[in-house]
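Please read the structure below before turning to the comments.
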Amino acid sequence: MNRFTRRQFLGDVGKGMIVASVGSSMASEMGLSTAALGADADSKPGKLEFGELEPLVGLMQDTPIERLMPTLVTKLKSGVELRTLLAAGALANARTFGGEDYVGFHTMMALAPAMHMAGELPADIRALPVLKVLYRNTNRIHEHGGRASEVLHAVEPVATPEGRPGGEVLRDLVRKGDVKGAEETFAALARISPDEALNDALMAMQDEAEVHRTVLPYRSWDMLGLIGKEHAHTLLRQSVRYCLAAGMRPRKDGPPEVLASMLDAHHLLEKQPGTRVPDDQWVDALAMSIFKATPPQAAELAAGALADGIAPDSVGQAICLAANQLILRDIGRTPNDETTNKPIGSVHGDSIGVHACDSANAWRNLARVSNVRNTYACLILGAYQVARDRVGRGGDFLNWKPLPVQRQVDAIKETDPAAIRQLAEEAIRGNLQAHACAAVERYGDLGLDPRPMFDLLLKYAISEDGSLHAEKFYRTASEEFASARPAFRWRQVIALARVTASEYGRPAAGYAEAKALLSA
């Protein structure tokens with residue numbers, strides 16, 4: 001595995017000296033990005049700044065919340081690209097929270113999904129989902145204390161020991177809770193390449209199979225595809241600090257031990273990922289086996305399939321279908337679980353199903369973009385986590401029946417697409433989860449165009465608060481629909497319809513103002 005060597009370290013010190021001597025503008029023309037160096041060369045020691053984006057990043061932090069929407073819309077109308085506002089918001093979030101604030105990192109995880117949602121909208125309202133999340137972002141920055149409370153600062157890289165993989169060094173420092181050592185080591189590892197930074201960070205993430213350790217690095221990586229991989233260190237750094245702040249230590253018989261056992265027992269590190277694509281029946285059977293298994297059994301099922309040469313994407317699809325069952329079967333929040341904006345019977349927000357589906361989606365996507373070792377690790381742990389989510393949160397998921405209810409599907413006699421969508425919308429607005437699922441099932445059974453149904457669900461993913469999960473889960477469901485086999489894809493839309501019906505009636509802060517300013 002590559003690592004940051006002393007030669008590279010001295011080379012980057014040399015770059016820093018050049019930037020300091022010629023200035024940031026000239027250095028940029030010479031190809032020496034100040035963002036890549038971690039701080040603008042003209043900034044004060046320790047201050048993390050972002051070159052040409054710095055004024056917009058500061059605007060995201062400093063603008064009073066009552067003036068934010070008009071200010072951002074004015075920027076858009078003056079020619080600033082929506083993608084640029086997104087980048088500034090993401091960097092402001094990272095600098096302020098550093099992956100250590102609950103609302104803060106949930107907002108970070110919503111930014112890339114919001115931009116993808118924007119791409120599904122007409123030009124006149126394209127900015128709506130992004131503006132909604134940027135409003136939440138700046139509001140939380142003010143609640144957090146603004147610039148005075150920034151978590152991320154410039155950090156100097158320290159070369160890793162010779163002869164040890166950088167990811168292992170980073171993982172051990174995170175296990176010890178050594179914030180300074182982990183930060184300096186990851187800064188060094190990130191200098192090699194964005195891809196190596198991701199693979200090394202994943203070594204620390206895999207010490208526990210937990211939703212935020214999984215989804216935060218994936219959504220950060222997805223964000224880099226939108227704003228540029230030169231920000232890889234800043235965005236992935238949040239996941240390292242999240243793990244440090246969580247303070248979890250590896251448990252006996254926990255994910256690290258199970259993972260090591262599976263990699264060794266199946267000799268996976270000696271093999272390249274297979275290419276064998278099984279039929280639909282095999283994928284469905286693996287999904288239900290994972291769903292019904294204990295966590296170690298589920299890990300064994302995934303590892304065995306990979307060792308047998310099954311293509312990683314097929315195993316990933318099975319894991320995501322297993323997680324989907326947790327939404328379709330969930331009886332919803334009980335009286336003991338009820339909280340503000342999450343009433344009895346609701347399944348939106350941080351429900352077991354939403355968390356499981358977001359996690360499975362993240363594991364599958366991380367497996368797709370990482371090295372061979374992490375491809376195997378992500379899928380083994382993805383299966384492990386789905387099973388643990390089922391057994392760890394209580395409930396009788398194995399006996400609860402999945403939605404939709406067949407008699408409700410049979411009661412829908414309409415064949416006109418618009419009429420069925422109207423039934424779905426009425427169910428959503430009435431918080432009738434089962435009826436919304438039935439309408440989508442009927443729509444899918446008729447083989448109708450999925451885009452208008454997604455447009456309906458997208459509308460409410462934008463307008464509703466969703467308890468910090470609306471954008472993320474819409475993106476999860478739409479990604480899984482796009483990649484799933486035709487035999488299974490509508491299960492993802494049914495789950496999305498259920499969550500949408502659950503969350504309806506709690507409008508998102510900033511949405512109405514942004515809509516009015518855009519004359520939407």
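Every value quoted in this text rests on a predicted model; they were computed, and no experiment measured them. This chain uses plain numbering: 1 for the first residue, then up along the sequence.
Taking every heavy atom of both residues into account, Val283 and Ala318 meet most closely at O-CB, 3.8 Å. Heavy-atom minimum distance, His266 versus Ala303: CD2-CB, 3.6 Å. Scanning all heavy atoms of the two residues, the minimum distance from Leu111 to Ala90 falls at CD1-CA, 3.7 Å. Across Asn324 and Ala495, no two heavy atoms sit closer than the pair ND2-CB, 3.5 Å. In plain terms, the two heavy atoms of Met69 and Ala514 that are nearest each other are SD-CB, 3.7 Å. The two atoms that bring Val386 and Ala322 nearest to each other are CG1-CB, 3.8 Å, heavy atoms only.
Taking 4.0 Å as the cut-off between side-chain N and carboxylate O, Asp62 and Arg147 count as a salt-bridged pair. Residues Arg388 and Glu208 are paired through a salt bridge, judged by an N-O separation under 4.0 Å between the basic side chain and the carboxylate. In summary, Arg171 and Asp207 do not engage in a salt bridge, as defined by a charged side-chain N under 4.0 Å from a carboxylate O. A salt bridge does not link Lys342 to Glu503: none of the charged side-chain nitrogens sits closer than 4.0 Å to a carboxylate oxygen. Classification of Asp330 and Arg390 as a salt-bridged pair fails, no side-chain N sitting under 4.0 Å from a carboxylate O. The existence of a salt bridge linking Asp465 and Arg506 is excluded, since no basic side-chain nitrogen approaches an acidic carboxylate oxygen closer than 4.0 Å. A salt bridge links Lys180 with Glu184; the closest basic N to acidic carboxylate O contact falls under 4.0 Å. Electrostatic pairing of Glu479 and Arg364 does not count as a salt bridge here, judged by no charged N lying under 4.0 Å from a carboxylate O. The pair Arg241-Glu100 meets the salt-bridge criterion, with a side-chain N (NZ, NE, NH1 or NH2) lying under 4.0 Å from an Asp/Glu carboxylate O.
Residues His469 and Met109 have side chains not in contact (no heavy-atom distance under 4.5 Å, counting atoms from C-beta outward). Put simply, the side chain of Leu72 does not reach to within 4.5 Å of the side chain of Val80, judged on heavy atoms. Looking at heavy atoms from C-beta onward, Thr138 lies out of side-chain contact with Gln61 at the 4.5 angstrom threshold. Side-chain atoms of Leu268 and Ile380, non-hydrogen and from C-beta on, do get closer than 4.5 Å to each other. Within the 4.5 Å cutoff, the side chain of Leu56 has heavy atoms near those of the Lys75 side chain. Cys357 has its side chain within reach of Ile327: a pair of non-hydrogen atoms, C-beta onward, lies under 4.5 Å apart. Between Pro255 and Gln206 the shortest side-chain heavy-atom distance does not fall below 4.5 Å. Within the 4.5 Å cutoff, the side chain of Leu152 has no heavy atoms near those of the Phe97 side chain.
Residues His116 and Glu471 bring no donor and acceptor atom of their side chains to less than 3.5 Å of each other. A donor-acceptor contact closer than 3.5 angstrom links the side chains of His144 and Ser149. Counting only N and O atoms by type, the side chains of Arg368 and Asn365 include a donor and acceptor under 3.5 Å apart. A donor-acceptor contact under 3.5 angstrom links the side chains of Gln297 and Thr294, judged on distance only. Using modelled atom types, one finds no donor on one side chain facing an acceptor on the other under 3.5 Å when comparing Glu150 with Thr96. Side chain to side chain, Thr476 and Asp358 meet the donor-acceptor criterion of an N or O pair below 3.5 Å.
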| said: Run the side chain to side chain contact (heavy atoms under 4.5 Å, CB included) test on Ile462 and Tyr474 for me, step by step, so that the C-alpha distance in whole Å, both residues' side-chain angles and the decisive distance to 0.1 Å come before the verdict. | reply: CA-CA 9 Å; Ile462 297 170; Tyr474 176 86; over 6 Å; no
| Stepwise side chain to side chain contact (heavy atoms under 4.5 Å, CB included) check, Tyr376 with Val372 | CA-CA 6 Å; Tyr376 292 137; Val372 171; 3.6 Å; yes
| task | Could you walk me through whether His348 and Phe473 pass the side chain to side chain contact (heavy atoms under 4.5 Å, CB included) test, one step at a time? | result | CA-CA 9 Å; His348 66 277; Phe473 186 65; over 6 Å; no
| task | Run the numbers on Leu366 and Asn374 for side chain to side chain contact (heavy atoms under 4.5 Å, CB included), then give the verdict. | result | CA-CA 8 Å; Leu366 288 168; Asn374 282 330; over 6 Å; no
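In this structure, the side chain of Glu183 does not engage the main chain of Ala154 through any donor-acceptor pair within 3.5 Å. No donor-acceptor pair closer than 3.5 Å links the side chain of His267 to the backbone N or O of Ala307. Here the side chain of Asn93 pairs a donor or acceptor atom with the backbone of Gly104 at under 3.5 angstrom. Within the 3.5 Å criterion, the main-chain N or O of Glu464 finds a donor-acceptor partner in the side chain of Lys132. In this structure a side-chain-to-backbone donor-acceptor pair under 3.5 Å is missing from His231 to Lys229. When atom types are taken as modelled, the side chain of Glu480 and the backbone of Ala477 share no donor-acceptor pair closer than 3.5 angstrom. Not a single donor-acceptor pair under 3.5 Å links the side chain of Thr185 to the backbone N or O of Leu170. Panel note: side chain Ser261, backbone Glu257; no donor-acceptor pair is recorded below 3.5 Å. A donor-acceptor distance shorter than 3.5 angstrom exists from the side chain of Thr107 to the backbone of Val103, with no hydrogens or angles considered.
Considering CG of Asn199 and CG of Asn371, their distance stands at 3.5 Å, rounded to 0.5 Å. The CG atom of Leu128 sits 5.5 Å away from atom OH of Tyr511, with the distance rounded to the nearest 0.5 Å. Here the CD1 atom belonging to Ile319 is positioned 5.0 Å from the CG atom belonging to Leu379, to the nearest 0.5 angstrom. Going from atom CG of Leu198 over to atom CG of Leu189 covers 12.0 Å, rounded to the nearest 0.5 Å. Note that the CG atom of Leu86 and the CE atom of Met60 stand 8.5 Å from one another [nearest 0.5 Å]. Summarising the geometry, atom CD belonging to Glu54 is positioned 8.0 Å from atom CG belonging to Leu48; distances are rounded to the nearest 0.5 Å.
In this structure, His212 and His355 have perpendicular ring planes: the angle between them is above 60°, well past the 30° mark.
Counting non-hydrogen atoms of other residues, nucleotides and ligands closer than 6.0 Å to NZ of Lys271 gives a total above 12. The number of heavy atoms from other shown groups lying within 6.0 Å of CD (Glu66) is above 12.
Ala112 pairs by the side chain to side chain contact (heavy atoms under 4.5 Å, CB included) definition with Asp222, Met223, Leu226, not counting sequence neighbours.
Ring pair Tyr242/Phe105: centre-to-centre distance below 6.0 Å.
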